[in-house]
Number of protein chains: 2
Amino acid sequence: MLIHHAKQSDIWSHELSIPVLALDVVIFTIYKDQLCVLLTKSQNNCTNWFSLPGSIVSKWYTLNEVFDETLKRKTGITGVYKEQLCTFGDNVARDPRGHVISLAYYALVKSEDFLNQVDYTQVDIVPIVDALKLRLFYEHDKILIYALERLKGKLGYTDIVKVLLAEQFRISQMQEMYEIILGRKLDKRNFQKKIFSLKIICETWKKDTSTNRPAKLYQFENKRIKVIDML
Amino acid sequence: MLIHHAKQSDIWSHELSIPVLALDVVIFTIYKDQLCVLLTKSQNNCTNWFSLPGSIVSKWYTLNEVFDETLKRKTGITGVYKEQLCTFGDNVARDPRGHVISLAYYALVKSEDFLNQVDYTQVDIVPIVDALKLRLFYEHDKILIYALERLKGKLGYTDIVKVLLAEQFRISQMQEMYEIILGRKLDKRNFQKKIFSLKIICETWKKDTSTNRPAKLYQFENKRIKVIDML
DNA sequence: ACAAAAGTGTTCCCCTTACACCCATGT
DNA sequence: ACATGGGTGTAAGGGGAACACTTTTGT
């Protein structure tokens, strides 16, 4: 854990006149056709309490490094799509150890990339609908709500959905991703018309024969995330 | 200055294992029909160098308190519209004194509320088009560009423009605010049609006789900032 | 009279939405 | 044969963009 780079004693020292900065991550993934988040479990007199994975930002580490380290520690992977959300610092007493300001990120990862590397004694994969009902440590409830809104918004004006799809995919799989994250059904014909008109995906001339009627496989024209009116 | 709440010696100490958090503010205002920002001047071997107004976040102060203090110090006013932008922390060496992470806000203020309270030896009011060409200290160039984009975006889906207008105003004054900030002309008829259809402003039945042909005066239905499709 | 800004409607186009049936394959 | 998901087109409505002339006042 990053916190070891710092001397614990001085981080929480009463002498120290500046607050500690923590970096907390909402790790989103699609698991069993549901939008889920990774939560850290803490045992607290026999009941589970949850919080978001996070690290203290130590001196001379960039935020990207701290993010990578946090994600790696919980999932074993790096190089995922991430976005900074915002900084929560108006509840100075939220952490009993001292004044902590929390910088929130979200990450978007494919569950198949990390599922077998997770230590399930430390981490739970929780459907977002359930996570939103939990009381989380610190102000992590707020962060979760905010992260979900941002993710939904981002789907509408960028092609980030590509980070959740395989290299090649059925158009219906792409639509499913939208439906799962947005939490509502979309019209099949209108969806296809829109996506094709954007010219962001192209046919591969291969077929996916895993369903009954074989389906065309598509791939994105390029890997870079584009800002573009999707919905 | 807030920095005095902290012991300078330990903030910049090499022993200290956490970075310092600074809060920097892009203070936007309309001045002489131009969108401007307030920049702090520093004398550096006979040439002016500029940076954004900012403060170190001291322990046990909320971000709101630090923001208020920073704004008050530069403009003498409080209680303005503000929005958090983002946190810059990937250039660990940007400040020669040590590792500083910068949390950026922007503020939107009426110039007539503070013009006579500014100490012009410390602060300049700079048109945004000029400010964008300046080389600012730290990563403040980036913050400026980002702040402007966010402000423009926000005009399109909220009624924040109300914080820049007088209690009562001509519809053309409202349009001018949009044109100044967006940096482009809008169609008069389409603008009015849109604004009236939103039912966010109402007639006051007063006239502004300061122009040639007297104009109707309007006011906003309420003071709360609304999320609403404006443009 | 002239200058300056206020006030006011219509048309066109595009994008969104709603909606239903046939097709290719596996079992 | 039947079940499953794939594939396809059209019509109606709403919102945005383009566009010019008359009115009211001050000078």
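Residue numbers begin at 1 in each chain, while the letters A, B, ... track the order of the sequences. Since this is a predicted model, take the numbers as computed values, not measurements.
What separates CE of A/M174 from P of D/dG6 is a distance of 15 Å, to the nearest Å. The CD atom of A/E203 sits 12 Å away from the C1' atom of D/dG7 (whole-angstrom rounding).
The minimum heavy-atom distance between A/K41 and A/T121, with the atom names listed, is CE-O, 3.8 Å.
Reading DNA chain C from its 5' end, the first and the last nucleotide to sit under 4.0 Å from a heavy atom of chain A are C/dT16 to C/dG26.
Remark: B/K188, B/R189, B/Q192, B/K193 in residues 181-199 of chain B come within less than 4.0 Å of DNA chain C through at least one heavy atom.
Among residues two or more places apart in sequence or in another chain, the side chain to side chain contact (heavy atoms under 4.5 Å, CB included) test is passed with B/F137 by B/S42, B/N44, B/W49, B/S51. Scanning for ring-ring contact (aromatic ring centres under 6.0 Å, His included) contacts around B/F114 gives an empty result, with sequence neighbours left out. Checked against side chain to side chain contact (heavy atoms under 4.5 Å, CB included), B/P127 has the following partners two or more places apart in sequence or in another chain: B/Q34, B/C36, B/V129, B/D130. Taking the ring-ring contact (aromatic ring centres under 6.0 Å, His included) definition, one finds that B/F88 meets it with nothing, sequence neighbours left out. Here A/F50 pairs with nothing under the ring-ring contact (aromatic ring centres under 6.0 Å, His included) rule; sequence neighbours left out. Residues that satisfy the side chain to side chain contact (heavy atoms under 4.5 Å, CB included) test with A/V123, not counting sequence neighbours, are A/L38, A/K74, A/V118. Listed by chain and number, the residues in a ring-ring contact (aromatic ring centres under 6.0 Å, His included) with A/Y157 amount to none (sequence neighbours excluded). For the side chain to side chain contact (heavy atoms under 4.5 Å, CB included) test, residues two or more places apart in sequence or in another chain that qualify with A/K82 are A/N64, A/F67, A/Y105.
Taking for each of A/Y218 and B/T211 the nucleotide of DNA chain D with the nearest heavy atom, the 5'-most of the two is the partner of A/Y218. Position along DNA chain C of the nearest nucleotide to A/D229 versus A/T209 favours A/D229 as the more 5'-ward residue.
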Could you list the donor-acceptor pairs under 3.5 angstrom formed by side chains in residues 219-230 of chain A, with sequence neighbours left out?
unit_1 : atom_1 : unit_2 : atom_2 : d
A/Q219 : OE1    : A/Q168 : NE2    : 3.2
A/K223 : NZ     : A/E167 : OE1    : 3.4

Which atom pairs link the protein and nucleotides 2-4 of chain D when you take only N or O atoms and keep those under 3.5 Å?
unit_1 : atom_1 : unit_2 : atom_2 : d
D/dT4  : O4'    : A/N212 : ND2    : 2.9
D/dT4  : O2     : A/N212 : ND2    : 3.0

